[in-house]
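Read through the structure below, which is laid out as C-alpha cells, and then see the notes.
Within every chain, numbering begins at 1; the chains are lettered A, B, ... in the order of the sequence lines, protein sequences first and strands thereafter.
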Amino acid sequence: MTEPLAPQYNPSAIESALYAWWEERGLFSPDVAASAPGKRRPYVIMMPPPNVTAALHMGHGLNNTVQDVLIRFERMRGRAALWLPGTDHAGIATQNVVERALAAEGLTRFDLGREAFVERVWSYVQETGVAILTQLRAIGCSADWSRTYFTLDEGLSRAVRESFVRLYDEGLVYRGHYIINWCPRCLTALSNEEAEKEEVDGHLWHLRYPLADGSGHITVATTRPETMLGDTAVAVHPDDERYRDWIGRQLRLPVVDRLIPIVADEAVDPAFGSGAVKVTPAHDPADFEIGQRHDLPSIDVMTPDARISLAAPERFQGLDRFEARRAVVAEFEAAGLLERIEPHRHAVGHCYRCHTIVEPRLSDQWFVRMAPLAKPALEAYRDGTLTFIPERRGDDYAAWLEGIRDWCISRQLWWGHRIPVWYCLTEGCGLTSVSRNDLATCPACGGEVRQDDDVLDTWFSSWLVPFSSLGWPDQTADLARFYPGHTLVSAPEIIFFWVSRMLMAGLHFMGEVPYTNIYLHGTVRDTLHRKMSKSLGNGIDPLEVVDKYGADALRYSLIAGMAVGTDVILDPGDLEASFAPGRNFANKLWNAGRFILSNLNGPTRPLAGDQTDVVRREELSLADRWIIARCDATVREATEAYERFRLNEAAAVVYRFIWSDLADWYIEQIKPRLYGDQPGGDVARAVAIQTFDVGLRLLHPVMPFVTEALWRWFPGRPADASVSVAPWPGPDARATDADALREFGLVQELVGTVRAIRAEYGIQPGHAVRAVVGNGSAADALRREQATIARLAKVSSLQFGETAERVGGHGVLSDGTPVFVPLGDAIDVARECQRLGAEVNRLDQLVTSQERKLANEQFVSRAPADVVEREREKLSSWREQRGVLARKREMLGCQ
RNA sequence: GGGCGAAUAGCUCAGCUGGUUCAGAGCGCCUGCCUUACACGCAGGAAGUCGGGGGUUCGAAUCCCUCUUCGCCCACCA
C-alpha cells in the first residue's frame, strides 16, 4: 500500500499500468498443458475479428465488454479461459479505404497494377492494423494477445485453401453463370447478405409494347425502364384469360426496334400491374430463370460500372443507368407509349460497404452449395445443441437456414485470398485445376496456366476462424484443447454473415459445432434511437470516454444499460448523463477502499478464505451478521445473474451491495468501533475487509481496473496476486441469517423514521434530538444497537418504553413498534396531525383491500398456503401500524 | 407482403416462474448539509391510470386477444 490514496479516483493514472502488468504476467494466456485432458474443459470465446482498418467505436465497445465480462467471470471460476482475438482483412472495406487514399493522389488501383496495389494495402495494414487491438486493451479486454491472428496470415490462408479444395472435391463448390448482386462502384460481385435490402420510394412505369403486326399493344410495368434495352420477351401467366390468344405472338420492342416473343410462364403474377412482365434475362434473377425456361437470349446492356453498353442503341451508350432511365422514358413518352407512372415503394439492394444501389448482373462466379451444409446446422438448433440468448434469435437463424440460397464467394477484388484455381491456357487441354499449392504448369499437359483473377469473399475466411485460428488443418495442441468453444458474442445482424456460417463450417470440417451458446446483444443507439454511425455524426468515441471517465465507467454504463437482447441508448450530447454513474461508482469504491485501508492501524484479524472463518460467530454484532448475510446473498444473486447472461442485473446487485449496504450502512455503523478503543474493532476490520473483498471480486468482470487496484493494495497480498485470477466467491450456508436481516432492517427503519421527522421539521443537522421507542418484536435488537441509532440519526438519548410527552414527530416501524421524537414547541401540532392522518389513510386503504382479499373464499382456498400466510402477516402488520398511528393522533388531540 | 420486438416517473431503463423487491433504479428536479472515505458525496422529498380497450384468473405491469405508435429483420409482385 505504497500508492498515494487521493480522495478522487483518477483512472488514467492507473489503468494503462495495470493493463501492462496483467499482460506481462500472461494472465490472459491459458496454458495448454495446465488445462490438459481430464481437467475441466477450457472456456473459449472467439472474438469477432474487427476489420483490420477499423477504429474502435461504441459497437466494438459493447461487443467486447460483454465478452470480457464473460471471460473474466469464467477465468475467476478457475477455468482455463481463452479469449482468442484477431483481425479481419475485410476485403472490400480495406480495399476501399486504400483506394480512397490513392484517389487523393489522383490514382486508381489500375494505375498501380495488381501486385503493387496489394503491396500498398499490406503496408497500409501493417501501419494501422494493430491500432484497434491497442484500443481494445484500453477498455480492459483480457484477450490472449499471444495468439492474435490475421485472416490473411499464412496459416489461415492455408486453411482457406484447404477448405476450398475439400468443398470442391465434395462437389460443394462450383462455378456457375448466374445473376448475382453486383456493386457498380466496388466493381465486384456480392453475396445476397451483402446486398442490403432497403425500402425506397420509386415508380412503376407502365409501358406499351406494340404487336409486330401493328394490331395493338401489351402494357408492361417496370421499376427499371432502362433494362428494357435488354428485353428479349414479355411473359404472361398461362392461365390468364386476357392474354390467352397473345401467347406466341411477336412484339416490336420500342426504342431498340427488336422483335421479341410473348411467352407463358407460371412465375408471372396476373394480379400485379397489367399481368404482363417484360423479361430481361441479363438483368433480373427472376427474368433469368424465365429466360432459361424459354431459351431466350440474354442481352447484357450494362458495363461493369453500370453504364449502357455497346449492346444497346448508340445514343444510349455510355449513359449512366439513371440517365438512361430518363432517356428511355422520354422516348416512350414521345412515342405515345408511356401509359402512366405511379409511385411505388419497393425494396432495393444496396452495397453493404458503399451503399451504392446494387445491379443484378449476369456473370461467371464461384458458389458454395449451401443446402447440404445448412442441414446439420439446422439440426443442431432443433435438437437443442444450440442455445440462443435471447431465445427468439434462434428463429431468425432457423428461418435463414431453411430458405438458404447458394453463396456467391468470388469477388472481383485484389485484396483477399486468391481463388486457388488455375486454368490451362493450352488449346485443346483447357483443364481447370483446383489445388492446395500454387501451380506453375498444367498438371495434365504441362502447358501454361493462369490463376483465377478473383479473390474469395472475406467471410470465406472468417467462417473457419473457430478452428483455423487454432492451427487447422494441422492437428495442433491448441486445436485439441480449445475446440469447440462455448460462447459466441455478436450482434443480430451478424447472424447470417458469420455466426451461422461458422456453425456450418464447424460441423462440416470439425464434425462439431464451434460453440453452443450464442449471445446476441443489441445495438448502441442515440436518444433518438438511431444507430450510432460515422455518417450520422451521432457516435461517441469510446476512447474519449475512457479519457474523461475511465474504462470502468464506460464498461459499467454499457453493461448496466443493457438487458438481454435490448439496445443500449447513450446520449452523444450529454456524456455526463451516460457515464457519470459509472465514474461515480468507481469513485465510491475507491473511497470505500481508501477508508477501510486507512483504518487498519488498529488490531485486526488475519484474513481467511471464508468470511465466517475470520471470527467466531458469537463475536459478531448484529451489523456484522447482517452485512455477512447480505454479502452472501449478493454472491448468490450475482453469480446466478452472470451465469444466466443477465449482466446488467449482476452489475446492479453488486452496486446495491457495495453502495447501499456496505458504504451507506456497514461502514457508517463500524466507525466508532474503528476510531475509539471500543471493543470489536478487530472484528469490524476483519468483516469489512472480507466483505469488501468479496464485493471487489464480484464486480471485477465489469470494472476490472478499479477493483484490481484496490484488491492489490490489501495488506498481506503477495506482490504478484491479481484479482483477475482470484477465486470466485462461493455461497456459504453459515452466512444465511434471516434474523439479522430482519433485525438490522428494523434498525435501518428506525434511523430512517427519525431522520424523516428531523427533515420534516427542519431540525438543524447539528442538533441532537431524543427518541422514544415503544415495545415491539425487535426491542432487544434496537436496544443492543442503541449506539448505532444514536449516531446515525443524531439522537442524544434513546428511551425505551412509554412517555407522557406527546408533542413531537410520530412514526411506526413495520413490526408495529411506535416511535416518538419529542420536539415540544418546535412543531406545529396541526401539521403533525395532517402528516399522521395521511399515513393512517394510506394504511387504511391497504388494510381494507387486504381484508377484502382475505375474505375472498376463492383466494383463501385456491392460492398456495404460504401465499395466504404471507398475505395474513401483511394484513396484521398494517393493522398494527395503523392502530399505533391512530392512537398517536388521539393522544395529540387531532381531529 | 411475411415475421419479430418495444411502449412503466421529465429522461434512460429494470421488473425473470402471475402473489414479499410490486410499483423500482440511475439521471434530472425540490429541501437541508463541505458530518474527519467520498460534494463524483450524505440525508430527506416530489414525481407513474405500468400506451388504449377487452379477456383469462381468487389475483395481471406480468398471460391471451385487439387497437394505436415507434423500431428491427426477412422478401425475385416486375
Side-chain angles (χ1 to χ4, degrees), chain A residues 5 7-9 179 197 204 220-224 227 235 267-274 276-280 284-289 344 346-347 360 390 392-393 395-396 399-400 403 492-493 495-496 522-523 525 527 529-530 549 553 557 560-571 574 576-578 580-599 644 646 648-649 652 655-656 663-664 667-668 671 675 751-752 755-760 762-766 792-794 853 856-864 866-868 870-871 873-874:
Chain A
L5 291 171
Q8 202 166 83
Y9 174 55
I179 296 267
K197 287 295 173 78
L204 204 50
V220 297
T222 179
T223 55
R224 294 187 300 150
T227 61
V268 179
D269 175 5
F272 186 87
S274 63
V277 192
K278 61 189 270 314
V279 181
T280 323
D284 184 279
D287 291 5
F288 176 74
E289 284 172 21
H344 183 66
H346 61 140
R392 66 189 146 84
R393 293 296 180 191
D395 296 339
D396 299 348
W400 184 76
E493 62 262 31
I495 295 177
F496 313 127
T523 308
R525 297 175 184 279
T527 47
H529 292 214
R530 299 176 307 179
Y549 303 96
S557 297
M562 174 198 64
V564 171
T566 65
D567 291 338
V568 178
I569 311 291
L570 297 172
D571 187 352
D574 189 357
E576 181 84 9
S578 301
R583 175 201 60 188
N584 295 353
F585 186 35
N587 193 53
K588 189 72 183 179
L589 283 159
W590 179 261
N591 278 290
R594 225 159 56 89
F595 175 80
I596 292 170
L597 291 165
S598 61
N599 280 288
R644 297 176 63 196
R646 295 173 173 273
N648 62 324
E649 189 185 328
Y655 180 97
R656 199 181 317 135
D664 287 350
I667 287 180
E668 290 307 323
K671 276 178 178 173
Y675 293 154
V751 170
R755 280 172 174 170
I757 290 169
R758 295 179 58 110
E760 175 78 19
I763 307 301
Q764 290 303 305
L792 298 184
K794 192 76 183 168
K853 188 185 228 177
N856 184 337
E857 188 49 42
Q858 300 283 2
F859 170 69
V860 179
S861 59
R862 294 196 190 196
D866 59 317
V867 170
V868 176
R870 270 202 306 268
E871 297 299 323
E873 281 167 18
K874 272 202 266 187

- Task: Check RNA chain B for consecutive Watson-Crick or G-U pairs with both distances under 3.5 Å and list the runs of at least three as stems.
- Result: B:1-7 with B:68-74, B:10-13 with B:24-27, B:29-33 with B:41-45, B:51-55 with B:63-67
- Starting from P on B/G1, measure out to NZ on A/Lys197 and report it in whole angstrom. 16 Å
- At what distance, to the nearest 0.5 angstrom, does NE2 of A/His344 lie from OG1 of A/Thr223? 6.5 Å
Distances under 3.5 Å between protein N/O atoms and the N/O atoms of nucleotides 3-9 of chain B, please, pair by pair.
none

- Checking all strands, does A/Arg646 fall into the base, sugar-phosphate, or nothing category for heavy-atom contacts under 4.0 angstrom? base
- Item | Nearest-Å distance once atom P is located in both B/C29 and B/C74 | 42 Å
- Query: Atom CD of A/Glu760 to atom C1' of B/A46: distance rounded to whole Å?
  - Reply: 12 Å
- Please check if the side chain of A/Asn648 supplies one atom and the backbone of A/Ala560 the other of a donor-acceptor pair under 3.5 Å. no
- Message: Rounded to whole Å, please give me the gap between NZ in A/Lys278 and P in B/C77.
- Response: 16 Å
- With sequence neighbours excluded, residues passing side-chain hydrogen bond (donor to acceptor under 3.5 Å, both in side chains) with A/Arg525: A/Asp567
- Task: Please measure how far the P atom in B/C77 lies from the corresponding atom in B/U69, and state the result in whole Å.
- Result: 26 Å
- Query: Of all residues at least two apart in sequence or in a different chain, which pass the side-chain hydrogen bond (donor to acceptor under 3.5 Å, both in side chains) check with A/Arg644?
  - Reply: A/Glu640
- With sequence neighbours left out, write down each residue that passes salt bridge (Lys or Arg N to Asp or Glu O under 4.0 Å) with A/Glu871, or none if nothing qualifies. A/Lys853, A/Lys874
- Message: List the residues meeting side-chain hydrogen bond (donor to acceptor under 3.5 Å, both in side chains) with A/Ser557, not counting sequence neighbours, and say none if there are none.
- Response: none
- List the protein contact pattern of nucleotides 22-41 of chain B with one symbol per nucleotide (5' to 3'): B for base contact, S for sugar-phosphate-only contact, - for none; contact means a heavy-atom distance under 4.0 Å. ----S----------BB-BS
- Which part of the nucleic acid, if any, lies within contact of A/Pro864, taking any heavy atom under 4.0 Å across all strands shown: a base, the sugar-phosphate backbone alone, or nothing? base
- Message: What is the distance, to the nearest angstrom, from the CD atom on A/Glu871 to the C1' atom on B/G18?
- Response: 13 Å
- Message: Nearest whole Å is fine: how far is B/G19 P from A/Lys853 NZ?
- Response: 10 Å
- Message: Rounding to an integer number of Å, can you tell me how far A/Glu289 CD sits from B/C76 P?
- Response: 11 Å
- Do the side-chain N or O atoms of A/His346 get closer than 4.0 angstrom to the phosphate oxygens (OP1, OP2) of B/G1? no
- Do the side chain of A/Asn591 and the main chain of A/Arg594 share a donor and acceptor less than 3.5 angstrom apart? no
- Which nucleotide, B/C13, B/G19, B/C77, lies nearest any side-chain atom of A/Ile569? B/C13
- Give one of base, sugar-phosphate or nothing for A/Val279, where a contact means two heavy atoms less than 4.0 Å apart. nothing
- Query: A/Arg393: what forms a salt bridge (Lys or Arg N to Asp or Glu O under 4.0 Å) with it, not counting sequence neighbours?
  - Reply: A/Asp396
- Query: What interatomic distance, in whole Å, is found between C1' of B/G48 and the corresponding atom of B/A23?
  - Reply: 8 Å
- Query: Checking all strands, does A/Lys874 fall into the base, sugar-phosphate, or nothing category for heavy-atom contacts under 4.0 angstrom?
  - Reply: sugar-phosphate
- NA contact type, A/Arg224, heavy-atom cut-off 4.0 Å: base, sugar-phosphate, or nothing? nothing
- Task: Scan A/Ala286 against the nucleic acid and name what it touches under 4.0 Å (heavy atoms): base, sugar-phosphate only, or nothing.
- Result: base
- Query: If we take the C1' atom in both B/U56 and B/U12, what is their distance in whole Å?
  - Reply: 34 Å
- Of all the heavy-atom pairs spanning A/Val860 and A/Val868, show the shortest one and how long it is. O-CG2, 4.0 Å
- Task: Rounded to whole angstrom, note down the C1' distance from B/U17 over to B/A60.
- Result: 14 Å
- Write down the distance separating the C1' atoms in B/C13 and B/C73, rounded off to the nearest Å. 24 Å
- Item | N or O in side chain of A/Arg656 less than 4.0 angstrom from B/U21 OP1/OP2 | no
- Whole angstrom is fine here: how far is it from CZ in A/Arg525 over to P in B/C13? 11 Å
- Closest-nucleotide ordering on RNA chain B, the 5'-leading residue of A/Val867 and A/Ala276: A/Val867
- Query: Who pairs with A/Arg392 by salt bridge (Lys or Arg N to Asp or Glu O under 4.0 Å), at least two apart in sequence or on another chain?
  - Reply: none
- Counterpart residues, ring-ring contact (aromatic ring centres under 6.0 Å, His included), relative to A/Tyr549 (two or more places apart): none
- Can you tell me how far P in B/G10 sits from the matching atom in B/G52, rounded to whole Å? 14 Å
- Message: Let me spell it out: for each of A/Asp567 and A/Asp269, pick the nucleotide of RNA chain B with the closest heavy atom. Which residue's pick is nearer the 5' end?
- Response: A/Asp567
- Query: Listed by chain and number, what are the side-chain hydrogen bond (donor to acceptor under 3.5 Å, both in side chains) partners of A/Asp269, not counting sequence neighbours?
  - Reply: none
- Distance between the P atoms of B/C16 and B/A7, in whole angstroms? 11 Å
- Task: Look at A/Thr566 and B/A14 and indicate whether a side-chain polar atom (N or O) is within less than 4.0 Å of OP1 or OP2.
- Result: yes
- Item | A/Lys588 charged N/C atom sitting above A/Tyr9 aromatic ring, 6.0 Å / 45° | no
- Residue A/Arg870, side-chain heavy atoms: nucleotide from B/C73, B/G44, B/U20 that is nearest: B/U20
- Query: Does A/Arg583 have any salt bridge (Lys or Arg N to Asp or Glu O under 4.0 Å) partners at least two apart in sequence or in another chain, and if so, which?
  - Reply: A/Glu576
- Task: Calculate the interatomic distance between A/His344 atom NE2 and B/G1 atom P; express it in whole Å.
- Result: 11 Å
